Amino acid sequence: MIAYLSLLQIGGLFGDLELVLKIVGMLFIISFVRSHIQHPILSVGIIIALCAFLLFDVWKIFGGVLLLYLIALFGFLHIFIDLSFMHAFSSPILNIGGMFRGKPKPMPGPPHGGRMPGYEPDEYETSERIRGEREREFGPEEEQHGEYGGAYEPEHAHPTQRRMDPREEAKQRYEQAMRHRMNQIRGKRDDRR
Amino acid sequence: MTGDKKRVFQRGNLLIGVLFIIVILMIIPFALKIVLPASDLVFKIVLIFSIYSFVTQLMQSNNTLTLLITGVLVYFMVFKYGDLFVSLWFVTTVFAIASGTLIVTAARDFLGFGDSPGGGMSHPPH
């Protein structure tokens, strides 16, 4: 093992690996030609010609492609697919993955359809509220999905979109919305505007 | 599902976590060889049979040339650089069994790499 680590052996290591890669490439060529051409003499001639061309003439191209093919064959590409599903290539620190994405978008709005704090309800909405139909907005079903009503969870925002402490911001916005809502229900004037 | 129970920090990028797990997987045959010296022999015998079946399958025959090519490959992959290729063979076998998803999920959910904590696939940004 120590002999591997010495600098004098590294060139020999890569030379031997190249020889192993050439033998594997020759085996792939033999398999491909023999599975397509049944005539023995013709297949041997084509094998020799293909080996002479691919393994010696354009080996710098063919060797690289063969190495990539072997890496894909052994299942290393599944790792990259899974990593892309888990958003591993989008790092806000290294600025990887956001190259063509443009500026980060602002924080998403609340889930109650633009009825932000400070929104003046019209008569129709007021009549709905009197009938009790609009009490479902902050009902217990929506509050089950998270501490702040589901969409206020800071994990749901992309890291580049976080302007301040997202949990604190979500808490403040939720408290403002609830205060406005309670003032609406009690018939008080909202002083936050 | 409250905020206090969730893990809100991250240890590093998920790529680093997966590389960490791959390195650990490659060290396992060495550690096993230290604890149980006969395991190295078992690994190498399995590797020899894998090489032989690979060459026989690709040559579509079993003759002297097959044995010759197998011998060359066995010399380099088992005797000269046996530790390296046993580690690579072990990693590829684990990949074939776990299909990579288990490794990435383990790096994210159990070791704490990556920015989105567990609970299925991460929520897309709005």
Side-chain angles (χ1 to χ4, degrees), chain A residues 1 4 12-13 16-17 19-20 23-24 26-32 34-35 70-71 73-94 96 104-109 144-148 150-151 153-161 166-167 170-171, chain B residues 1-4 6 8 10 12-19 21-22 30 54-55 57-61 65-66 69 72-73 75-77 80-81 83-85 88-89 91-105 107-109 113-117 119 121-126:
Chain A
M1 188 61 198
Y4 295 162
L13 170 70
D16 292 338
L17 290 184
L19 180 62
V20 170
I23 292 172
V24 171
M26 186 188 73
L27 286 174
F28 277 125
I29 290 170
I30 290 171
S31 169
F32 180 77
R34 280 196 177 174
S35 62
L70 285 176
I71 287 172
L73 196 70
F74 287 141
F76 278 85
L77 287 187
H78 294 283
I79 293 287
F80 290 102
I81 294 169
D82 293 324
L83 282 173
S84 70
F85 274 126
M86 305 290 179
H87 300 285
F89 300 113
S90 61
S91 169
I93 300 168
L94 301 175
I96 298 170
K105 294 175 183 174
M107 275 295 272
Q144 284 176 3
H145 298 294
E147 194 178 5
Y148 303 121
E153 288 291 318
E155 284 83 4
H156 292 180
H158 196 265
T160 56
Q161 298 175 357
R167 189 168 291 278
K171 194 174 178 182
Chain B
M1 209 51 189
T2 56
D4 295 329
K6 267 190 176 178
V8 292
Q10 54 172 313
N13 201 300
L14 197 55
L15 283 170
I16 302 169
V18 171
L19 285 177
I21 287 187
I22 289 174
F30 286 103
F54 174 74
V55 175
Q57 184 186 351
L58 286 186
M59 291 284 286
Q60 300 174 6
S61 62
L65 189 62
T66 309
I69 292 172
V72 174
L73 286 179
Y75 169 68
F76 284 114
M77 293 171 69
K80 199 169 182 183
Y81 306 111
D83 300 329
L84 179 65
F85 278 97
L88 285 175
W89 173 81
V91 169
T92 53
T93 307
V94 171
F95 279 173
I97 293 170
S99 76
T101 311
L102 189 64
I103 292 163
V104 178
T105 315
R108 190 190 66 167
D109 289 346
F113 288 92
D115 62 343
S116 91
M121 304 302 277
S122 58
H123 195 283
H126 292 278

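Quick caveat, the model's predicted, so the values are computed rather than measured.
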- prompt: Are side-chain heavy atoms of B/F54 and A/L27 found at a separation under 4.5 Å?
  reply: yes
- request: Give the member of B/V18, B/I22, B/V104, B/I103 that has the highest number of heavy-atom pairs under 4.5 Å with chain A.
  value: B/V104
Gap between atom CD1 of A/I30 and atom OG1 of B/T66 - 0.5 Å precision: 8.5 Å
Validation row: B/F85, A/L17 side chains within 4.5 angstrom (heavy atoms): yes
query: CG/A/D16 to CG/B/L84 distance, rounded to the nearest 0.5 angstrom?
result: 11.5 Å
- line: Rounded to the nearest 0.5 Å, the CG atom of A/L70 sits from the CG atom of B/L88 at a distance of 11.5 Å
- prompt: With A/F74, which of B/V91, B/T92, B/T93 fulfils side-chain contact (heavy atoms from CB on, under 4.5 Å)?
  reply: B/T92
query: Hey, is the main chain of B/Q60 close enough, under 3.5 Å, to the side chain of A/R34 for a donor-acceptor pair?
result: no
message: Under 4.5 Å from any heavy atom of chain B, what part of A/F32 do you find: side chain, backbone, both or neither?
response: neither
query: Is there side-chain contact between A/S31 and B/Q57, with heavy atoms separated by less than 4.5 Å?
result: no
- request: Taking the side chain as every heavy atom from C-beta outward, state whether A/I23 and B/F76 have any atom pair closer than 4.5 Å.
  value: no
